[in-house]
Engineer: 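Dropping the structure in here first, questions after.
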Amino acid sequence: MIEIKNLTKSFGSLTAVNNLSFSIPEGQILGFLGPNGAGKSTTMKMIAGFLTPTSGSVSVCGFDVESQAIEAKRCIGYLPEGAPGYGEMTPLQFLNFIADVRELSGSHRKEQLDTVVGRLHLDQVLHQSIDTLSKGYRRRVGLAQALLHDPKVLILDEPTDGLDPNQKHEVRELIGHLARDKIVIVSTHILEEVDAVCDRAIIIARGKVLADATPAELEAKSQYHNAVKLAIEELDAAVEAVSRIPEVMKVEVERESGRLIAIPRAGHNPFTAITKVVQENGWSVDELSMERGRLDEVFRQITQGSETGEVRS
Amino acid sequence: MNQIINIFKREITSYFSTPVAYVFIVIFLILAGAFTFYLGGFYERGQADLLAFFNFHPWLYLFLVPAISMRLWAEERKSGTVELLMTLPVTMIQAVMGKFLAAWAFCGIALALTFPIWISVNYLGEPDNGVIFASYLGSLLMAGGFLAIGSCISAMTRNQVVAFILTVVVCFGFLLSGIPMVLDAFRGWLPQILVDAVASLSFMTHFNAISKGVLDLRDLLFFVMVIGFWLAANAIVIDLKKAD
């Protein structure tokens, strides 16, 4: 359980995090979204106990991160942005150092070391200095370090940044397969990631929470939620017929691909009506699908809306 | 205590896993030897003591100790590992102490490797080994003082070169504050008590006192306090500079 109350951090005149409050129950994977400079990293650094809040409080596993810093840090695994590591050490030396500091000993220590090395496929690079590793491996060493003591709370600042698609997939799998009683906070600006791994998404910009919902709820805010994509030979006729359907608000046409996208009125689902129109006219359909919504569009709408609002005030 | 040892171990291994340690030790030994025999006139003096050897330590340390201390925190800040270190269940004091003690132990190793000169002088004559022991102790304490200053300055910047130069300058100030030429400059416009205060801050004065074989508690305490003061400042600087 993580509780964040009225968390504020200012650097001089700049307020990076502004009166943030939310709590995260056990077992939740939270996606932390926001444009660059929104205050994501600053918030995570405060939860991890690196930065001291200007005001407000954070409690992790029942420990206040300021007054009971050591206890709180014991139950957190943290991957800082960019996955820093001691370059001159090998991953094995580095993980051993972390195990020492995390006070792992005996068979438990060996077990944990074997587990993280196996899970993150580090066996091949264990004896090579971290400086010489590729970005992907360095990131994995950082993840291994965060997972080593099997923490209750895992804070990952952009864990997939700079990884290739395969590695991204692996990291997501890994997060998805963590034990169910853990809290995971992942910051990212890759929206598909939120969709793929998170139970909940918080969008922040300029240090404030703009949206706090499940990825599905966020998708439902998109104007493309339930939009129907139709690829068809008789494009012009179809555009005309589909625009006449009452549930359809607008029809977008993509000439190059010979497709139309029917955007529904809020709260309506035009799928059945469109299939009916297609059947009635006896058109041959190349593609017919329904969209769940576009997170990037929702993201833009929410974050840019706040910026123009800010200018007006 | 355990955490201090863990951090100490990590630091000291990292010294020896890069060429820095070996380069440092070799240069230190060559320079210490060269100063003793050529500038100090070890043989020409015709006396069985190591004064010619220890006299040059302050000047050797002035340039070599900042070379060790410059990376202590600047490197952690530059590579971002400071964020990792400070989010491990380690207190600030443990981190500062662990790193400082590792650097100090490393200086100790370099200093201990000068033992052939002690053997030589014992072979050539009958020196007062008590005085030599006191001098070694004084030299180690002085190195600790320089290191603590360097550690604190290293936490102020991400740039190791800047850390090196600033440390040399500050250490130079502490070295020279007891020399008559410097004190004369103050004497004209400062009350005597402040001139004495400046003089008492001099590493040279305290080191010379110890290396004469007089183990005065005040001289020992001076170095211990210098180390304590600069390490406390070090912790505060890290805390203040965390955000940038």
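This structure is a prediction, so every number in the text was calculated from the model and none was measured.
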Engineer: Please indicate whether A:K5 has more than 12 foreign heavy atoms, meaning atoms of other residues, nucleotides or ligands, lying under 6.0 Å from its NZ.
Structural biologist: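 Counting neighbours around NZ of A:K5, 12 or fewer heavy atoms of other residues, nucleotides or ligands fall under 6.0 Å, so no.
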
Engineer: Is it the side chain or the backbone of A:E71 that comes within 4.5 Å of chain B heavy atoms, both, or neither?
Structural biologist: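 Neither; nothing under 4.5 Å.
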
Engineer: Rounded at 0.5 Å granularity, tell me how far NE2 in A:H149 sits from CG in B:L88.
Structural biologist: 8.5 Å

Engineer: Output the option from A:P80, A:G82, A:A16, A:A72 having the highest count of non-hydrogen pairs under 4.5 Å with chain B.
Structural biologist: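 Between A:P80, A:G82, A:A16, A:A72, the count favours A:P80.
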
Engineer: To check you understand the geometry: which heavy-atom pair defines the closest contact between B:T87 and A:A48, and what is its length?
Structural biologist: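 Of all heavy-atom pairs spanning B:T87 and A:A48, the closest is CG2-O, 3.5 Å.
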
Engineer: So which part of A:F50 gets closer than 4.5 Å to some heavy atom of chain B, the side chain, the backbone, both or neither?
Structural biologist: both

Engineer: More than 12 heavy atoms of other residues, nucleotides or ligands under 6.0 Å from NZ of A:K152: yes or no?
Structural biologist: no

Engineer: Check whether B:Q94 gets within reach of chain A through its side chain, its backbone, both or neither, counting any heavy atom under 4.5 Å.
Structural biologist: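 B:Q94 has no heavy atom closer than 4.5 Å to chain A.
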
Engineer: Identify which part of A:K45 has an atom lying under 4.5 Å from any heavy atom of chain B, answering side chain, backbone, both or neither.
Structural biologist: side chain

Engineer: Is it the case that atom CZ in B:F172 sees more than 12 heavy atoms from other parts of the structure closer than 6.0 Å?
Structural biologist: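 Counting neighbours around CZ of B:F172, 12 or fewer heavy atoms of other residues, nucleotides or ligands fall under 6.0 Å, so no.
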
Engineer: Considering only heavy atoms and a distance below 4.5 Å, find which of A:E103, A:R102, A:Q145 pairs most often with chain B.
Structural biologist: A:R102

Engineer: Which atom pair, heavy atoms only, marks the closest approach of B:S79 to A:P84?
Structural biologist: O-CB, 3.2 Å

Engineer: With a 4.5 angstrom heavy-atom cut-off, could you sort out which part of A:L79 is near chain B: side chain, backbone, both or neither?
Structural biologist: neither

Engineer: Using modelled atom types and a 3.5 Å cut-off, is there a donor and acceptor pairing between side-chain atoms of B:N6 and backbone atoms of A:D100?
Structural biologist: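 Yes; judged by distance alone, with no hydrogens or angles, the pair exists.
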
Engineer: What part of B:Q3 is in contact with chain A, defined as an atom under 4.5 angstrom from a non-hydrogen atom: side chain, backbone, both or neither?
Structural biologist: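 For B:Q3, side-chain heavy atoms alone lie under 4.5 Å from chain A.
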
Engineer: Do any of residues 9-19 of chain B come closer than 4.5 Å to chain A, heavy atom to heavy atom, and if so which ones, in number order?
Structural biologist: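 Near chain A, by residue number: B:K9, B:R10, B:S14, B:S17, B:T18.
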
Engineer: Would you say that more than 12 heavy atoms from the other residues, nucleotides or ligands in this model lie under 6.0 Å from the CE of A:M1, or not?
Structural biologist: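 Atom CE in A:M1 is crowded, with more than 12 foreign heavy atoms closer than 6.0 Å.
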
Engineer: Please classify the contact of A:Y86 with chain B as side chain, backbone, both or neither, using a heavy-atom distance under 4.5 Å.
Structural biologist: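 Contact with chain B is through both the backbone and side chain of A:Y86.
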
Engineer: Take atom CD1 of B:I5 as the centre, draw a 6.0 Å sphere, and report whether it contains more than 12 heavy atoms from other residues, nucleotides or ligands.
Structural biologist: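 Atom CD1 in B:I5 is crowded, with more than 12 foreign heavy atoms closer than 6.0 Å.
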
Engineer: Which region of A:A69, side chain (C-beta onward) or backbone (N, CA, C, O), has a non-hydrogen atom less than 4.5 Å from a non-hydrogen atom of chain B, or is it both or neither?
Structural biologist: neither

